[in-house]
Amino acid sequence: MCDTLQRIDNVAQSHRRPAPRLLTVSKTQPARAVAGLATAFTELDADGIPAFGENYVQEAAAKQAELATIAGVPPIEWHLIGHLQSNKAREAATLFDWVQTIDRSKLIAALARHRPAGRTPLNLLIQVNIDDEAGKHGCRPDQVAALAAQIAGHPNLRLRGLMAIPAPSPDDAVRRQAFAAMRECFEILRSAHPDVDTLSMGMSDDYPLAIAEGATMVRIGTALFGKRG
Ligand SMILES: *Cc1c(COP(=O)(O)O)cnc(C)c1O
């Protein structure tokens, strides 16, 4: 945890950018590993709330239930980073603080309907299929404005920005180009919605490139936990 936070800071500094927030990706990891990293994070950064990302609603529900039985776990902010089916929107709107995978109108309406009364607004990122990959989730860049306007119309949802998973490529220049294209989308979005503050991009093997292009949140699993089994 310490090494990764340090490396994120160093990369950001070398590009004269503010350090992005770390989202720890805990898919397939047991609750006790989450508890350990959440505690380590809180010891390193007393003011920050540890943020964890899960890909599946069911897995997150089970893990959160188990964490509730472990003593001394600090409060955790939960992010959904996997594709969300509309029929799971009710559960997702209860379990998560953020949903990073908004790519269609129907999902926005369902999450607004199901966010429990009395909770803070659900934070949303619009997922962009930046490399226009066939069969991949995410909207096209030209669909972002309409989805953003729809989110802005719901008081119990809060538009925070954009998320992307660029196509894998052995060529750093190609990947960096995708991150740069995302930053451009983000600037356009921000001109219409000045409050957006989050550009979520970069994973274990490419986060330095994403930070170079202005990521404000990096999503890291393998570099923190080791290879998934
Ligand atoms: C699994 C996953 C990550 C983390 O990937 P690592 O390579 O393990 O760092 C980040 N974002 C999304 C959307 C993921 O599904």
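Remember, it's 1-based here, ligands and their atoms both numbered in the order they're listed.
Judged as a side chain to side chain contact (heavy atoms under 4.5 Å, CB included), and not counting sequence neighbours, the contacts of T94 are P116, R119. Considering only residues two or more places apart in sequence or on other chains, A167 meets the side chain to side chain contact (heavy atoms under 4.5 Å, CB included) condition with D131, E133. The side chain to side chain contact (heavy atoms under 4.5 Å, CB included) check on A12 picks up A19, P20, I211, with sequence neighbours excluded.
Taking 4.0 Å as the cut-off between side-chain N and carboxylate O, R190 and E187 count as a salt-bridged pair.
Here the closest heavy-atom approach between residue S169 and residue V174 is recorded as OG-CB, 3.7 Å.
Screening V73, T42, L44, T39 for a side chain to side chain contact (heavy atoms under 4.5 Å, CB included) with P50, the sole residue that qualifies is T42.
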Ligand 1 N/O to protein N/O, distances under 3.5 Å:
| residue | atom | partner | partner atom | Å |
| --- | --- | --- | --- | --- |
| ligand 1 | 8 (O) | T222 | N | 2.8 |
| ligand 1 | 8 (O) | T222 | OG1 | 2.6 |
| ligand 1 | 8 (O) | R228 | NH1 | 2.8 |
| ligand 1 | 8 (O) | R228 | NH2 | 3.2 |
| ligand 1 | 9 (O) | S204 | N | 3.0 |
| ligand 1 | 9 (O) | S204 | OG | 2.5 |
| ligand 1 | 9 (O) | G221 | N | 2.8 |
| ligand 1 | 11 (N) | R219 | NE | 2.9 |
| ligand 1 | 15 (O) | K27 | NZ | 2.7 |
| ligand 1 | 15 (O) | N55 | ND2 | 2.8 |

